[in-house]
Student: 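Mind having a look at this structure? Questions to follow.
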There are 2 protein chains.
Amino acid sequence: MATRSQRADALSKERIVEAAIEILDTEGESALTFRALTARLATGSGAIYWHVANKNELLAATTNDVIARVMTVGDAEPHDAIRAIALGMFDAIDAHPWVGAQLSREPWQLAMLRIFEAVGGPLRRLGVPERAQFNCASALVNYILGVAGQNAANARLVTAGTDRTAFLGGLADQWARLDAEEYPFVRQIAAGLPEHDDREQFLAGIDLILAGIDALIP
Amino acid sequence: MATRSQRADALSKERIVEAAIEILDTEGESALTFRALTARLATGSGAIYWHVANKNELLAATTNDVIARVMTVGDAEPHDAIRAIALGMFDAIDAHPWVGAQLSREPWQLAMLRIFEAVGGPLRRLGVPERAQFNCASALVNYILGVAGQNAANARLVTAGTDRTAFLGGLADQWARLDAEEYPFVRQIAAGLPEHDDREQFLAGIDLILAGIDALIP
DNA sequence: CATGGACTGGAACGTTGTTCCAACATGGAC
DNA sequence: GTCCATGTTGGAACAACGTTCCAGTCCATG
């Protein structure tokens with residue numbers, strides 16, 4: 001009943017996904033084309049399409065691959081467990097910015113369910129009422145995905161231009177020159193932009209939501 | 001010194017943006033091509049490129065146009081003001097799902113600054129310490145953008161397939177069939193999926209963050 | 001050794017964003 | 001009234017992309 005053994009040098013979905021991740025990581029989202037893949041794998045597009053339905057499926061597979069490596073649920077105290085998951089996601093997306101873009105493109109894939117599941121356990125252990133668990137998990141996941149998307153977009157802009165601090169400095173200048181009547185808040189924020197830490201700010205948001213969740217516990 | 005008067009029938013960036021929004025709303029993101037635009041405006045691509053640098057700028061302009069219409073800051077009580085802004089964003093993205101996708105693609109455009117500004121005012125009035133204002137605004141904006149992105153992606157899936165309830169029902173079935181050991185939380189959630197209200201859940205998330213923010217106020 | 005299904009490589013197709021340019025319109029200078 | 005410089009237009013052309021198609025190659029099995 002087992003499939004007959006394959007060729008020794010056979011291409012496989014795993015090898016294709018692996019090559020795709022390498023291209024995405026080293027050259028960015030726009031560099032992942034079937035032509036680049038055929039070149040790297042020294043094959044033709046037909047061979048790739050034999051293992052993978054289309055580019056969407058390929059991207060979903062790469063995303064799932066990266067997320068699965070990160071989503072390990074520990075048995076830490078619930079708050080810390082959620083922080084660990086969130087930071088794991090943040091770091092994964094920091095290392096592979098294209099994941100952020102992909103997660104907001106095709107939802108309800110395995111990758112997103114993994115995140116939901118990882119967050120759901122600690123929420124239960126925290127004593128959140130069952131009716132509210134879906135809302136709380138959804139808030140956390142949507143916040144994480146929002147940051148993920150922004151980070152992905154930022155990475156696109158920064159690699160395209162110069163280095164990060166110069167980029168932030170330019171942005172701050174630009175904000176500071178906005179109309180004082182119309183954008184007072186943005187101008188105030190601009191001052192602190194260059195030395196602001198994305199990761200720290202991300203965690204502050206998680207803690208904000210966690211504080212809100214705590215208020216729900218009877 | 002003023003530019004000499006233009007032709008009476010002149011194309012303009014406004015007319016192009018308007019036509020683009022019409023195409024996006026009625027036929028979806030994938031239908032917005034320069035060829036579709038030239039057909040609708042009865043012109044050539046060169047004429048469009050005279051007014052618009054490229055497709056990215058066109059999309060940024062359409063997004064800014066839609067957001068600007070929504071971002072009116074009232075003088076309501078701060079919590080309600082933030083809820084109003086958030087719901088305005090939600091409804092705008094519900095009506096124009098492509099906006100959600102665009103916001104997570106090209107950040108730091110005018111559209112995002114408008115949202116930051118709209119949220120910043122109420123945060124100040126709420127008495128949030130200045131050091132924490134950036135973090136709070138960022139949490140709210142990122143959450144909103146996360147939901148926006150997911151809604152955009154969902155809209156893509158639902159219009160492609162059947163109606164919404166059937167889609168959610170199918171999704172719930174799929175979730176309920178997941179491995180019981182690996183996905184207990186997702187399976188539990190699946191039961192409530194068909195009758196769940198996106199808008200209500202979105203607002204619940206906003207309230208969660210607002211509750212967390214309240215805890216910061218001295 | 002022959003067979004047939006698993007698998008491969010590459011040519012080809014249709015569509016996209018973008019560029020380029022010859023032509024047209026218009027209002028001020030003469 | 002004529003003419004020209006500038007602003008604007010329409011469409012042909014290009015390169016790159018995702019995808020399809022198919023003739024051919026490989027190899028466990030009969």
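Residue numbers begin at 1 in each chain, while the letters A, B, ... track the order of the sequences. These numbers were taken from a predicted model, which means no experiment stands behind them.
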Student: Quick check: any donor-acceptor pair below 3.5 Å linking the side-chain of S45(B) to the base of dA12(D)?
Tutor: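 Per atom types, the contact qualifies.
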Student: What ring pair (Phe, Tyr, Trp, His ring centres under 6.0 Å) pairs are there with at least one residue in residues 37-64 of chain B, not counting sequence neighbours?
Tutor: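 Counting only pairs at least two positions apart or across chains, the ring pair (Phe, Tyr, Trp, His ring centres under 6.0 Å) contacts touching residues 37-64 of chain B are F34(B)-Y49(B).
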Student: Both distances under 3.5 Å, Watson-Crick or G-U wobble: report the partner of dG30(D), or none.
Tutor: dC1(C)
Student: Residues two or more places apart in sequence or in another chain: which of them pass side-chain contact (heavy atoms from CB on, under 4.5 Å) with E22(B)?
Tutor: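 Residues passing side-chain contact (heavy atoms from CB on, under 4.5 Å) with E22(B): E18(B), R40(B).
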Student: Determine whether the aromatic ring centres of Y143(B) and Y143(A) lie less than 6.0 Å apart.
Tutor: no
Student: Just grab all the ring pair (Phe, Tyr, Trp, His ring centres under 6.0 Å) pairs involving residues 172-192 of chain B, residues at least two apart or on different chains.
Tutor: W108(A)-W175(B)
Student: Expressed as a whole number of angstroms, how long is the span from R15(A):CZ to dC7(C):C1'?
Tutor: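 Rounded to the whole Å, the gap is 13 Å.
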Student: Tell me: CD1 of I16(B) to P of dT18(C), nearest whole Å?
Tutor: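 After rounding, the reported distance stands at 13 Å.
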Student: Whole angstroms only, please: what is the CG-C1' distance between L11(B) and dA25(C)?
Tutor: 15 Å
Student: In residues 18-36 of chain B, which residues come under 4.0 Å of DNA chain D by heavy atom?
Tutor: R35(B)
Student: Rounded to whole Å, please give me the gap between CG in L37(A) and C1' in dG10(C).
Tutor: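 My rounded result for the distance is 16 Å.
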Student: Taking side-chain contact (heavy atoms from CB on, under 4.5 Å) as the test, write out the residues that go with P194(B), two or more places apart.
Tutor: A172(B)
Student: Which of residues 50-63 of chain B sit near DNA chain C, with a heavy atom under 4.0 Å from it?
Tutor: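 Only N54(B), K55(B) qualify.
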Student: Within the 4.5 Å heavy-atom criterion, are I93(A) and M89(A) side-chain neighbours or not?
Tutor: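 They are in contact (side-chain heavy atoms under 4.5 Å apart), so the answer is yes.
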Student: Apply salt bridge (Lys or Arg N to Asp or Glu O under 4.0 Å) to E14(B) and list each qualifying residue two or more places apart in sequence or on a separate chain.
Tutor: none
Student: In chain order, what residues pass the ring pair (Phe, Tyr, Trp, His ring centres under 6.0 Å) check against H96(A), with sequence neighbours excluded?
Tutor: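 Testing H96(A) for ring pair (Phe, Tyr, Trp, His ring centres under 6.0 Å), a comparison that skips the adjacent residues, returns W98(A).
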Student: Got a sec, which residues hit side-chain contact (heavy atoms from CB on, under 4.5 Å) with A111(A), two or more places apart in sequence or on another chain?
Tutor: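 In terms of side-chain contact (heavy atoms from CB on, under 4.5 Å), with neighbours along the sequence ignored, A111(A) is linked to T63(A), N64(A), I67(A), L103(A).
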Student: Between atom CD1 in I48(A) and atom C1' in dT19(D), what is the gap in whole Å?
Tutor: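 Rounding to the nearest Å, CD1 of I48(A) and C1' of dT19(D) are 12 Å apart.
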Student: Under 3.5 Å for both donor-acceptor distances, Watson-Crick or wobble: does dC30(C) have a partner, and if so which one?
Tutor: dG1(D)
Student: Check the distance between dT8(D)'s C1' and K13(B)'s NZ and give it to me in whole angstrom.
Tutor: 17 Å
Student: Check the distance between dG11(D)'s C1' and Y49(B)'s OH and give it to me in whole angstrom.
Tutor: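 Distance, rounded to whole Å: 14 Å.
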